[in-house]
Amino acid sequence: MKYIETQTLPSLGHAEVRIIAHTPEAARAVAEALRGCFAAAEQRSYPGLDGDTRLHLTVDTTAPAGPARSWLASSRTPVGLGTHSDET
């Protein structure tokens with residue numbers, strides 16, 4: 001079944017994201033990942049027709065959420081907190 005929603009487009013530089021998941025936790029995890037990349041407005045959550053969760057989110061594609069750190073960068077010990085060469 002196809003569902004076509006008719007509404008106005010978001011403002012320039014913004015995108016409306018629709019997430020459909022079996023559980024609210026899964027939908028929130030996807031929204032959190034998007035927030036790591038883009039500035040986002042408050043999410044709106046709705047129950048789906050088949051017991052699923054529908055989450056709507058507006059992201060601002062012109063304003064990044066902040067520098068995303070790679071796994072490698074985030075796993076390194078910050079400078080000044082590791083063992084010094086003169087310590088054993």
Side-chain angles (χ1 to χ4, degrees):
M1 176 175 113
K2 287 188 177 182
Y3 176 73
I4 299 173
E5 186 172 327
T6 58
Q7 74 178 59
T8 60
L9 289 172
S11 61
L12 189 61
H14 290 78
E16 288 289 328
V17 179
R18 307 284 191 229
I19 301 166
I20 301 171
H22 282 287
T23 65
E25 293 79 17
R28 283 192 290 268
V30 172
E32 189 61 33
L34 286 171
R35 278 195 203 91
C37 298
F38 302 105
E42 188 66 31
Q43 65 193 33
R44 292 138 350 249
S45 181
Y46 308 94
L49 299 175
D50 300 322
D52 56 352
T53 297
R54 295 170 185 261
L55 192 142
H56 298 182
L57 182 68
T58 303
V59 295
D60 182 353
T61 61
T62 64
R69 295 176 58 187
S70 71
W71 173 84
L72 181 60
S74 64
S75 65
R76 290 184 179 147
T77 303
V79 175
L81 297 180
T83 304
H84 295 276
S85 61
D86 60 346
E87 295 177 350
T88 56

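Here the structure is a predicted model, which means the values were calculated and not measured.
A salt bridge links Arg18 with Glu16: the closest approach of a Lys/Arg side-chain nitrogen to an acidic carboxylate oxygen falls below 4.0 angstrom.
Summarising the geometry of Ala21 relative to Ala26, their closest heavy-atom pair is CB-CB, 3.9 Å, with the distance given to 0.1 Å. For the pair Phe38 and Val59, the tightest heavy-atom approach, listed with the atom from each and the gap, is CB-CB, 3.9 Å. Taking both residues in full, the closest heavy atoms of Gly13 and Asp60 are given as O-OD1, 3.4 Å, listed atom of the first, atom of the second, then distance.
For the pair Ser45 and Thr53, the minimum side-chain heavy-atom distance is below 4.5 Å. With contacts defined as side-chain heavy-atom distances shorter than 4.5 Å, the pair Leu57/Arg35 qualifies. Counting heavy atoms from C-beta outward, Ile19 and His56 have side chains that stay 4.5 Å or more apart.
Rounding to the nearest 0.5 Å gives a distance of 7.5 Å between OG1 of Thr61 and NE2 of His14. Atom NE2 in His22 sits 7.5 Å away from atom CG in Asp52 (nearest 0.5 Å).
A search for salt bridge (charged side-chain N to carboxylate O under 4.0 Å, His left out) contacts involving Glu25 returns Arg28, not counting sequence neighbours.
Under the 4.5 Å side-chain contact rule for hydrophobic residues, Val17 and Ile20 do not share a cluster.
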